[in-house]
Amino acid sequence: MISAEDWKQEQERLKRVMEKLQARISELEPEVAGLHDQVVDIRKLFWEEVTVNTSTSEDFEETFYSIRQQEALLSERERSQRLRAQQWKNMKRLLSSPYFGRIDFHEDGLNTAEQVYIGVSSFIDSDGMSFLVYDWRTPIASMYYDYSPGAAGYDTPGGAIAGLMQLKRQYQIRGDQLQNVFDTSLTIGDELLQQVLGKGADNQMKSIVATIQKEQNAIIRDDNSRMLIVQGAAGSGKTSAALQRVAYLLYKHRERLRADQIVLFSPNPMFNSYVSTVLPELGEENMQQTTFHEYLDYWLGRTFRLEDPFDQIEYVLEEQSDRGYEARLKGIQYKASVDFLQALQKYAQGLEGKGMRFISIRFRDRDLITAKQMESKFYSYDSSIRLSNRITLLQEWLLRELSLLEDKEREAFWVQEELDYLDNDQYAEVFNELHKDRGVFDFAEQYEEAREMQRGKRRLDEGDFDYAEREEALLRRMVVKEQIKPLKRSVKRMLFIDMIRLYIQFFEEENALAKMTNEAGVSLLWPEICQQTKEKLSRSELFYEDATPYLYLKELIEGVRVNTEIRHVFVDEGQDYSMFQYEFLKKMFPRARMTVLGDFGQAIFAQATELHGEDSPLIGLYGESETSLFRLVRSYRSTREIVEFTKSLLPNAKEIVAFERKGRKPLLSQMGSGGQRAARIAEHLAALQAEGLVSIGIITKTAAESKAAYDLLTAQGCQGLKLVTKSTPNFEKGTLILPVYLAKGVEFDAVLIYDASSQTYHLESERKLFYTACTRAMHRLLLYTTGEWTPFLPASDKSLYEVEQIQ
C-alpha cells in the first residue's frame with residue numbers, strides 16, 4: 001500500500017478527472033444528439049433540396065453538382081456524428097474506472113518526468129494537449145506491461161524513446177473512489193491479480209487489459225509476423241491475449257483496418273457467445289466469428305450432409321468395437337496430412353491429361369450438350385493451359401452454345417403449348433414491350449383486344465398481322481429464355497463438372513495413390529479407407545475428414561475463390577486443426593496474417609497438429625523468417641492445487657507454472673453404484689452453490705453420457721440443470737452438463753468429472769481428453785467413479801488430492 005499523503009493526492013486527482021469526464025460527457029451528449037438529428041433531416045430533405053433537370057447538358061451538369069454537394073454535406077455530418085458518438089462512448093466506459101495503472105517516465109533529454117495514467121481509452125484535457133488518461137494500446141503505455149522501475153523505453157513511428165521509469169502503480173477504482181493502490185516492481189502485482197483471479201467465473205469472457213502480463217503483451221503487440229503461434233498451457237490466457245490483440249490491431253491500424261476484415265475460427269458456436277463482449281467492452285466492433293465446420297457447410301452444405309467434428313469425435317470415442325474402426329481412424333489421420341494434400345495436387349495435375357468428368361446438360365428429357373462433348377472440347381484446348389483456366393474456357397463455350405440453342409429452340413412444338421398457358425402478367429410484359437414507343441392509348445381496351453387475338457377469339461384485320469407476328473416472336477423468346485435460364489445459371493455455378501465423381505475416382509484405383517506419393521504415409525488399410533469413403537459419398541454424405549480435401553480439390557479444378565478482404569485470421573484451439581486445413585486457410589485468405597492459439601496437451605481430435613517446437617509443420621506454412629513462436633507456461637485459471645494435480649496427468653507438463661493462488665485439493669469420490677454417485681453429486685452441488693459458486697460444469701466424456709447424467713441427476717431432484725449439446729448457442733451461468741469437447745475454451749468455478757473410472761478413461765489416446773476436462777476448473781475440482789479409477793490419476797503422489805469412499 002502507499003502512504004496516506006499519496007493516497008490523498010491520488011483520490012483528489014481521481015475526483016478532478018471524474019469531474020472533467022462528466023463535464024465533457026454532458027457537453028458531448030447534446031452534440032451527438034444534434035448531429036444525429038441533422039443527419040436524419042439531411043437524408044429526408046436530400047431530394048427536396050435538389051431539382052433534377054436533364055433537359056440540356058447544362059441542366060444535367062447543374063443537377064449533378066447539386067447532388068454531389070448535398071452528398072458531401074451528408075457525408076461530413078455522418079463523419080462528425082460517428083466521431084462524436086465514439087468519443088462519447090469511450091468516455092462513458094471510463095466512468096466505472098477511469099484508469100488502472102500509472103507510470104512515471106523520465107525521457108532522456110527532458111527536465112521532468114511525465115505521469116502516465118493508463119485506462120481502456122484515452123481522455124484528453126480541455127486544452128487538447130494534455131492526456132489525463134492514455135489508452136492502453138498507445139506506444140507509451142506498453143512500458144507499463146514490459147518494464148519494472150528502472151531503465152525503460154518504447155517504440156514510436158518516429159523512432160525509439162529511452163528513459164527511466166521512476167514509478168509503477170496499480171489501481172482498483174470504482175467510480176470516483178479508490179479501492180486499492182499498489183506500487184510494484186512487477187508487471188502486475190500479485191495483490192491485484194489475486195483479487196481478479198479469485199472472482200467467480202462469468203458466462204462471458206472479460207477484458208484483461210488491467211492484468212496483461214509481459215509475455216502476453218508481446219503477443220498482443222506483435223505487428224511483423226505473418227504467422228504468430230501461441231502454445232499455451234491450460235488457463236494461460238491465450239484467448240484473452242488474442243482478443244486484446246484484435247483490439248490493439250484495430251486501434252493501431254484504424255485508418256486502414258476494419259473489424260470485418262478480421263475473422264476468428266472458434267471451437268464451437270457456444271464459444272462465440274462466450275467471447276462476444278470483450279471487444280465491445282474495449283470500444284471496438286466484433287470481428288467476424290465462425291467455426292471451421294460452419295465455413296465448410298457454407299460451401300458444401302447444399303451438396304452433402306456434412307459430418308461435423310463433434311460427431312467425428314463421438315465416433316472415435318464410442319465406436320471402438322465397430323468393424324471398420326481402425327480403418328476410419330487411419331483415414332482421419334491420413335486425410336489430415338500434407339502427404340494427402342500433395343497427393344490431391346498430383347491427382348489434379350493428372351486431370352490435365354485425362355480423367356475429367358462432366359455432367360450432360362439436359363433439357364426437356366433430352367441432352368442438349370453431352371458429357372462426352374464437354375470432355376472432347378476440354379481436352380481440345382492447349383495442354384499448356386492450366387486446369388482451372390481450361391474450365392473457364394469450357395464454361396464460356398457452354399454459355400455460347402446454350403445461347404445458340406436458345407435461338408433454335410424458339411420454333412420447337414413445346415413452345416406453342418407453353419404460349420397457350422401464359423398468365424396475364426407474362427403477356428402484359430410483352431404487350432408493354434411492343435407498345436412502349438406508341439404514345440398515349442387506351443391500355444385496357446388494346447390489351448383486351450390483343451388477348452382476344454392471341455386466343456383466336458377475334459379475327460385479325462390485315463393491319464394486325466405484323467403486330468401479331470412480332471408479339472408471338474417476343475412471347476416465344478420470353479418463354480424459351482425463362483426455360484434456358486436455369487441451365488445457364490448452373491453453368492455459371494460450375495455444376496457441369498461432376499465433382500463427386502472426380503473425388504470418388506481418386507479412391508477407385510487403390511494402387512494409384514501409392515504411385516503418386518511413393519507410398520509416403522499410405523496405410524495398409526487404404527483399400528478399406530477407400531471403400532468407406534465411397535460408401536459415404538454414395539449417400540450424398542461426407543466425412544468431416546473429407547470435407548476440406550473435397551473443397552480443396554474443387555478449388556484446384558474450378559479456380560480458387562479467394563477472399564482478399566480478410567487481413568487477419570485467428571484460429572483458437574489450433575491444435576485441433578490439421579495441416580491440410582491450415583494449407584487451405586492460407587490459400588483461401590492469401591493476404592491475411594495468421595494467429596494460431598492452442599495447447600498440444602489438449603489435442604483431443606485425431607487430426608491434431610503440433611503447434612510449437614522445431615519439428616512443428618506450422619513453421620513451414622509461411623517460413624521460419626515470417627513466423628514467431630510464443631510459449632505461455634504460467635497457468636492463471638486454476639488454484640495452485642488444481643494446477644499441480646492436472647500437471648501430473650500429462651508426462652510432459654512439468655514446465656507448467658501455477659500462479660500462487662491457494663485453494664482446496666481435488667476431491668476423488670468412490671462409491672459402489674450409479675445411484676450413490678448421483679446422490680453424492682446432488683449433495684456436492686448444494687454445498688458448492690451454498691459457497692457462492694454459480695458457474696458449475698458437470699463434464700462427461702460423450703454426449704450420450706451427458707444425457708444419461710442429466711436424466712439421473714434430474715431424477716435425484718437436482719434443480720436448474722442445463723444440458724449442453726453441440727447446437728447450444730450461448731454459454732450461460734448455472735450448472736451445465738456437457739461433453740468435454742464442448743467445454744474447450746471455457747471455465748467454471750467448479751468442475752465435477754462425472755465418471756473418472758478406468759472403464760471410461762483407459763486408452764492412452766484419451767489422456768488429453770481427461771486432462772482437458774480437469775483443467776476447466778477455477779476453484780474446485782471433484783471426480784467420481786463407481787469402479788476402478790482411471791490409470792491417468794497420479795497414483796504415485798496421493799498428496800495431490802483427497803479421497804472419500806462411500807459404501
Side-chain angles (χ1 to χ4, degrees), residues 299-300 302-304 343-415 480-513 515-516 530-531 533-542 546 549-561:
W299 291 108
L300 300 176
R302 285 184 293 184
T303 306
F304 298 104
L344 278 181
Q345 290 172 338
K346 290 181 180 178
Y347 173 61
Q349 290 171 4
L351 293 175
E352 294 178 352
K354 64 176 182 177
M356 276 300 299
R357 297 288 180 262
F358 300 103
I359 300 172
S360 297
I361 296 177
R362 292 183 60 77
F363 180 70
R364 303 185 74 85
D365 298 323
R366 73 183 194 275
D367 288 339
L368 284 183
I369 307 172
T370 67
K372 196 71 178 173
Q373 287 174 299
M374 294 185 211
E375 184 180 357
S376 177
K377 187 66 176 177
F378 179 82
Y379 285 114
S380 73
Y381 296 127
D382 192 317
S383 60
S384 64
I385 300 174
R386 289 173 54 192
L387 182 67
S388 59
N389 291 340
R390 276 194 262 175
I391 288 292
T392 301
L393 290 173
L394 180 62
Q395 181 188 49
E396 293 169 352
W397 176 77
L398 287 171
L399 291 172
R400 288 195 302 271
E401 288 295 300
L402 285 175
S403 294
L404 293 173
L405 290 166
E406 182 180 331
D407 292 341
K408 295 178 182 177
E409 201 68 20
R410 292 172 190 165
E411 302 305 318
F413 177 75
W414 68 266
V415 180
V480 175
K481 182 179 180 180
E482 285 301 309
Q483 294 281 325
I484 296 292
K485 187 184 293 184
L487 302 181
K488 289 185 175 181
R489 191 183 304 123
S490 69
V491 169
K492 290 175 182 177
R493 290 172 54 197
M494 302 284 190
L495 298 183
F496 59 92
I497 304 170
D498 194 345
M499 275 304 309
I500 296 177
R501 184 66 203 152
L502 284 169
Y503 194 66
I504 289 176
Q505 183 173 267
F506 180 82
F507 297 93
E508 285 183 333
E509 297 182 33
E510 296 172 1
N511 297 325
L513 181 66
K515 293 176 183 176
M516 283 189 288
C530 291
Q531 188 60 34
T533 307
K534 289 185 290 185
E535 287 177 2
K536 191 77 169 175
L537 285 163
S538 70
R539 300 191 296 271
S540 295
E541 297 175 355
L542 208 58
D546 279 303
Y550 180 92
L551 190 54
Y552 184 78
L553 179 63
K554 184 177 171 68
E555 301 293 344
L556 288 177
I557 292 170
E558 297 179 1
V560 181
R561 299 175 181 86

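Below, each value reflects all heavy atoms present in this structure, side chains not excepted, and no hydrogens, waters or symmetry copies.
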Evaluate the side chain to side chain contact (heavy atoms under 4.5 Å, CB included) criterion for residues Leu351 and Lys354: first the C-alpha distance (whole Å), next the side-chain angles of each, then the deciding distance (0.1 Å), finally the verdict.
-> CA-CA 5 Å; Leu351 293 175; Lys354 64 176 182 177; over 6 Å; no
Using 30° and 60° as the class limits, which term best fits the ring planes of Trp414 and Phe363: parallel, tilted or perpendicular?
-> perpendicular
Determine the interplanar angle of the Tyr381 and Phe378 rings, folded into 0 to 90°, and report it as parallel if under 30°, tilted if 30 to 60°, perpendicular if over 60°.
->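 Perpendicular, since the angle between the ring planes exceeds 60°.
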I'd like to know if the side chain of [X] and the backbone of [Y] have a donor-acceptor N/O pair within less than 3.5 Å.
X: Asp498; Y: Arg501; result: yes
X: Arg390; Y: Ile385; result: yes
X: Glu352; Y: Arg386; result: no
X: Ser360; Y: Ala371; result: yes
X: Tyr347; Y: Leu502; result: yes

Residue pair [X] / [Y], side-chain heavy-atom distance below 4.5 Å:
X: Ile359; Y: Leu495; value: no
X: Met356; Y: Tyr379; value: yes
X: Gln395; Y: Val491; value: yes
X: Glu375; Y: Lys372; value: yes
X: Glu411; Y: Lys408; value: no
X: Ser403; Y: Lys488; value: yes
X: Phe506; Y: Thr533; value: no
X: Glu508; Y: Lys534; value: yes

Measuring from [X]:[atom1] to [Y]:[atom2], what's the distance to the nearest 0.5 Å?
X: Tyr550; Y: Met499; atom1: OH; atom2: CE; answer: 4.5 Å
X: Glu401; Y: Leu394; atom1: CD; atom2: CG; answer: 10.5 Å
X: Glu406; Y: Glu482; atom1: CD; atom2: CD; answer: 10.0 Å
X: Glu558; Y: Ile497; atom1: CD; atom2: CD1; answer: 4.5 Å
X: Ile369; Y: Ile361; atom1: CD1; atom2: CD1; answer: 4.5 Å
X: Leu487; Y: Leu405; atom1: CG; atom2: CG; answer: 9.5 Å

Go through Leu551 and Leu553 one step at a time and tell me if the side chain to side chain contact (heavy atoms under 4.5 Å, CB included) criterion holds.
-> CA-CA 5 Å; Leu551 190 54; Leu553 179 63; over 6 Å; no
Assess whether atom CZ of Arg366 is packed by more than 12 heavy atoms of other residues, nucleotides or ligands within 6.0 Å.
->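 Yes, the 6.0 Å shell around CZ holds more than 12 heavy atoms from other groups.
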Establish, from distance only, whether the side-chain atoms of Ser538 and Glu535 form a donor-acceptor pair under 3.5 Å.
-> no
Which pair of non-hydrogen atoms, one from Met494 and one from Ile391, has the smallest distance, and what is that distance?
-> SD-CG2, 3.6 Å
Test Trp397 against Leu393 for side chain to side chain contact (heavy atoms under 4.5 Å, CB included), laying out the working first.
-> CA-CA 6 Å; Trp397 176 77; Leu393 290 173; over 6 Å; no
What's the verdict on side chain to side chain contact (heavy atoms under 4.5 Å, CB included) for Ile500 and Thr303, showing C-alpha distance, side-chain angles and the deciding distance?
-> CA-CA 9 Å; Ile500 296 177; Thr303 306; 4.0 Å; yes
Starting from the C-alpha separation in whole Å, work towards a yes-or-no answer on side-chain hydrogen bond (donor to acceptor under 3.5 Å, both in side chains) for Gln373 and Ser376.
-> CA-CA 5 Å; Gln373 287 174 299; Ser376 177; over 6 Å; no
Do Glu555 and Arg561 sit within salt-bridge range, that is, some charged N less than 4.0 Å from a carboxylate O?
-> yes
